[in-house]
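Below: the structure, in structure tokens.
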Amino acid sequence: MSEHNKNTNTESVISVRAMEIITALLFIAVGLTVMVGSIKLGASWGSDGPEAGYFPFYVSLIIIVSSAITLYQAVIVSKNKKTESFVDKESFGQVMAVLLPAFVFILGVQLIGIYVSSAIYIAIFMVWLGKYPIWKAVAVAVGVSAALYFMFEYWFQVPLPHGSWINPLEFLGVQ
Amino acid sequence: MEEISALFSGFAVAMTPFNLLLMLVGVTLGVIIGVLPGLGGANGIAILLPLTFTMPPTSAIIMLSCIYWGALFGGAITSVLFNIPGEPWSVATTFDGYPMARNGKAGEALTAAFTSSFVGAFIAIVMITFLAPLVAKFALQFGPPEFFSVYLLTFCSFVGMNKGSPFKTISAMMLGFALAAVGMDTVTGQLRLTFGHAELMRGFDFLIAVIGLFGIGEILLSMEEGLAFQGAAAKIRGKVVLETWKQLPKYWATSIRSCLIGCWMGITPGGATPASFMAYGVAKRVSKNGEKFGTGQMEGIVAPETAAHAAGTSALLPMLSLGIPGSPTAAVLLGGLLIWGLQPGPLLFVEKPDFVWGLIASMYLGNLAGLFVVLTCVPLFASILRIPFSIIAPVIIVICAVGAYTVHNATFDVWLMLGFGVLGYVFKKLDYPMAPMVLALVLGDRAEDSFRQSMLISQGSLDVFFSNYLVGAITTFALLLLFWPLIGKLIGKKKAAA
């Protein structure tokens, strides 16, 4: 998907190079965490064969080495990527417009259950980003939540979360 | 001949009215999944997996595999009509499909795409029918070192065949292995890498990763591009279908060539995407009309679609016969099999012949159902794409959340899904491949088990992977593929110097 990062405008939030460096560093951090965990478990040859951390230890070693090379390439070799934009301001705004409400939606799933939070999420998304009239947004939102209920809970008997804090649909008999 | 009688008994299993109905439902759902941006075959099946929990295993896997066929077909609709590849392997279809649609030949383009898809899949299924039992029989002689060397070959192929940075491929793959190691160690029973978090005891389920990486990640990318659908009109009339079918035999050589490319790329885990590009490239080079490719040539649709479907279908061969999925979608299907206590691999053919042959028979029927559904319902599916993104995006995120939750009935998994979504977005933009990561997550435990068993056999010596001709040959081939990027560079330099 390299076509996504070819734009080099001035409104860039972060460059490809910076993002490559951050990602490689995060990979190295993950590698180190796995390595420490593996050594704690035992990463050598025990009395009855390889210990529990034996395989993950070598996996972590490969992560660290390969990411270190990626990091080297990002810092030293690919200097031209300094000017390439990873994401510009407008696109970043669009991504955040999906990501942040999705975060709140999942919090809602945990606290008030999936049906009500789905309805609220879809309705707000439609009104806010799609500029739909409220009645249309509410109709779609309630319709989707009802369809989810009938499909999963009613027909296929797969329970979905009703809320750990409060169950707003208790009055409808949804336990 | 043994295979043919087994196949007929498979047809008897697959052709119950309930299973036929499931095929139609599965294909239709699959096409919708293929058409919708952000929902692909892999995460579509992952999300719909819980719906099949109440069904008998054969019916469930028939429905899931039909969703797979449907998703393969669906990608072509968006490519031809909207110039938006619904799936990565449909990118090459846009090169000639969209220009044809713009020239008022949408019906011809779609008929050519669907029929080629059907032909590609059909040939691959015939190959599976005759080859899978042989591979399974052969694999019955495998011990842990042979199995590990096959796993090694699978993963090294990703490094050798991927065009991007081999180090990024290795990092992504190893991240998959590291995530697969989290949770209960299957050999010692110890808790690994949970760092005291109870939620991590279950480990990272690859279904959650698939939904996040391919579903949420794709939505974020689509949102960034400010998706605006500008589609060509889509109607397929019977007359157009018949006229296109009359023209298609002209491209028999392209079809056969693309089938071979597809089957090869599907069995080795190259996947449908490189297969479609490779078939398109070869067709362009070989064809008399090569210079006209990109302006709306039917041959330019036949090649990638045949190859993509042949590859997508062939990916099920190693999954069924060795327990090694050739693609992320095949990996999700493998996950489905494991949920029903069916262990894909050589023993499946011996222990559950009804199931295996029922599934293979359903592949024939499912593809036929797929062709029928797509040829008759194109306007309906195309209209889905006209629903504005501001409605589709939150609905898809809600569906992904439902899918992630139902895997283990845990809200923590929905958070993980969001995390994997962000990871998928970053990975795609930085060219980190996601397929090897998902496959490492799926196969991590098995690869580790065979590695540890091999090490026990040899008392810690790596020589065990060269202990006989078979394992030695597979390991050597794997290492060649692993170092292929380096070898390729050296060869290129030598050529340039000469």
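Residue numbers begin at 1 in each chain, while the letters A, B, ... track the order of the sequences.
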Check your understanding: Any luck finding a side-chain donor-acceptor pair between B:Glu218 and B:Tyr425 under 3.5 Å?
Key -> no
Check your understanding: Counting heavy-atom pairs under 4.5 Å to chain B, which of A:Ser118, A:Pro161, A:Pro56, A:Ser67 comes out on top?
Key -> A:Pro161
Point to revise | Basic-acidic side-chain contact under 4.0 Å: A:Glu20, B:Lys168 | key: yes
Point to revise | Per-residue contact mode, A:Pro101 against chain B (heavy atom under 4.5 angstrom) | key: neither
Study note, to complete from the structure: So, the part of B:Val187 with a heavy atom under 4.5 Å from chain A: the answer is neither
Check your understanding: Given that the side chain runs from C-beta out, which part of B:Phe427 has a heavy atom under 4.5 Å from chain A: side chain, backbone, both or neither?
Key -> side chain
Check your understanding: Of the backbone (N, CA, C, O) and the side chain (C-beta and beyond), which part of A:Ser145 lies under 4.5 Å from a heavy atom of chain B, both, or neither?
Key -> neither
Point to revise | Choice from A:Pro50, A:Gly130, A:Gly49 maximising heavy atom contacts with chain B below 4.5 Å | key: A:Pro50
**Study point:** Beyond-backbone contact of B:Ile397 with A:Tyr121, side-chain heavy atoms, under 4.5 angstrom
**Key:** yes
Exercise for review: Against chain B, label A:Ile114 side chain, backbone, both or neither, depending on which of its atoms sit under 4.5 Å from a heavy atom there.
Suggested key: side chain
Practice item. Indicate whether any N or O donor in one side chain lies under 3.5 Å from an N or O acceptor in the other, for A:Asp88 and A:Ser91. Key: yes
**Study point:** Check: B:Arg192 side chain, B:Ala181 main-chain N or O, donor-acceptor pair, under 3.5 Å
**Key:** yes
Practice item. Identify which of B:Thr406, B:Leu191, B:Thr188, B:Leu193 forms the greatest number of heavy-atom pairs closer than 4.5 Å to chain A. Key: B:Leu193
Exercise for review: Below 4.5 Å from any heavy atom of chain B, which atoms of A:Val34 appear? Answer side chain, backbone, both or neither.
Suggested key: both
Check your understanding: Which bit of A:Val59 comes within less than 4.5 Å of chain B, counting heavy atoms only: side chain, backbone, both or neither?
Key -> both
Review point. Of all of B:Phe177, B:Phe195, B:Phe167, which one pairs up most often with chain A through heavy atoms under 4.5 Å apart?
Key: B:Phe167
Review point. Do B:Leu207 and B:His408 come within less than 4.5 Å of each other through their side chains, counting heavy atoms only?
Key: no
Point to revise | Region of A:Ser38 that comes under 4.5 Å of a non-hydrogen atom in chain B | key: both
Exercise for review: Compare all side-chain heavy atoms of B:Met437 with those of B:Phe420 and state whether any distance is below 4.5 angstrom.
Suggested key: yes
Exercise for review: Check each atom of A:Ser60 against the heavy atoms of chain B and say whether the ones under 4.5 Å are side chain, backbone, both or neither.
Suggested key: neither
Check your understanding: Can you tell which of B:Leu456, B:Val402, B:Thr169 has the highest number of heavy-atom pairs within less than 4.5 Å of chain A?
Key -> B:Val402
Practice item. Could you tell me which portion of A:Gln73 (side chain, backbone, both or neither) has an atom closer than 4.5 angstrom to a non-hydrogen atom of chain B? Key: side chain
Practice item. Tell me, yes or no, whether the heavy-atom count around B:Met201 atom CE, taken from other residues, nucleotides or ligands under 6.0 Å, exceeds 12. Key: no
Exercise for review: Heavy-atom pairs under 4.5 Å with chain A are the metric here; pick the option from B:Thr194, B:Val182, B:Ile170, B:Asn409 that has the most.
Suggested key: B:Ile170
Check your understanding: For chain B, which of A:Val144, A:Val109, A:Thr33, A:Leu129 has the most heavy-atom pairs under 4.5 Å?
Key -> A:Thr33
Exercise for review: Determine the option with the most heavy-atom pairs under 4.5 angstrom with chain A, choosing from B:Val395, B:Asp185, B:Leu175.
Suggested key: B:Leu175
Exercise for review: Go through the atoms of A:Leu107 and report whether side chain, backbone, both or neither lie under 4.5 Å from a heavy atom of chain B.
Suggested key: both
Check your understanding: Between A:Val95 and chain B, which part of the residue has a heavy atom less than 4.5 Å away: side chain, backbone, both or neither?
Key -> both
Check your understanding: Which atoms of B:Met417 come close to chain A, meaning under 4.5 Å heavy atom to heavy atom: side chain ones, backbone ones, both, or neither?
Key -> side chain
Check your understanding: Are the side chain of B:Ser461 and the backbone N or O of B:Ser458 linked by a donor-acceptor pair below 3.5 Å?
Key -> no
**Study point:** Heavy-atom pair count under 4.5 Å with chain B, highest-scoring of A:Ile106, A:Ile69, A:Ile64
**Key:** A:Ile106
Review point. So, do B:Leu430 and A:Phe86 sit near enough that their side-chain heavy atoms are less than 4.5 Å apart?
Key: yes
Check your understanding: A:Val36, A:Val140, A:Leu160: which one forms the most heavy-atom pairs within less than 4.5 Å of chain B?
Key -> A:Leu160
Check your understanding: Would a 4.5 Å heavy-atom cut-off, applied to side chains only, mark B:Met63 and B:Leu48 as touching?
Key -> no
**Study point:** Which atoms of A:Leu41 approach chain B - backbone, side chain, both or neither, heavy atom under 4.5 Å
**Key:** both
Review point. Do A:Gln94 and B:Leu220 come within less than 4.5 Å of each other through their side chains, counting heavy atoms only?
Key: no
Review point. With only heavy atoms counted, which part of B:Ser171 is less than 4.5 Å from chain A, the side chain, the backbone, both or neither?
Key: both
Review point. Side chain, backbone, both or neither: which part of B:Ala178 has a heavy atom under 4.5 Å from chain A?
Key: both
Check your understanding: Would B:Tyr151 and B:Phe451 count as a close aromatic pair, with their ring centres under 6.0 Å?
Key -> no
Check your understanding: Can the ring centroids of A:Phe27 and B:Tyr432 be said to lie less than 6.0 angstrom from one another?
Key -> yes
Review point. So which part of B:Glu448 gets closer than 4.5 Å to some heavy atom of chain A, the side chain, the backbone, both or neither?
Key: both
Review point. By a 4.5 Å heavy-atom criterion (distance strictly below it), what part of A:Tyr54 contacts chain B: side chain, backbone, both, or neither?
Key: side chain
Point to revise | Contact check, side chains of B:Asp431 and B:Ser165, non-hydrogen atoms, under 4.5 Å | key: no
Exercise for review: Give a yes-or-no answer on whether the side chains of B:Trp415 and A:Gln110 include a donor-acceptor pair shorter than 3.5 Å.
Suggested key: yes
Review point. Below 4.5 Å, heavy atoms only, C-beta onward: do A:Ser15 and A:Glu84 meet side chain to side chain?
Key: no
Point to revise | Contact origin within B:Val422 toward chain A - heavy atom pairs under 4.5 Å | key: side chain
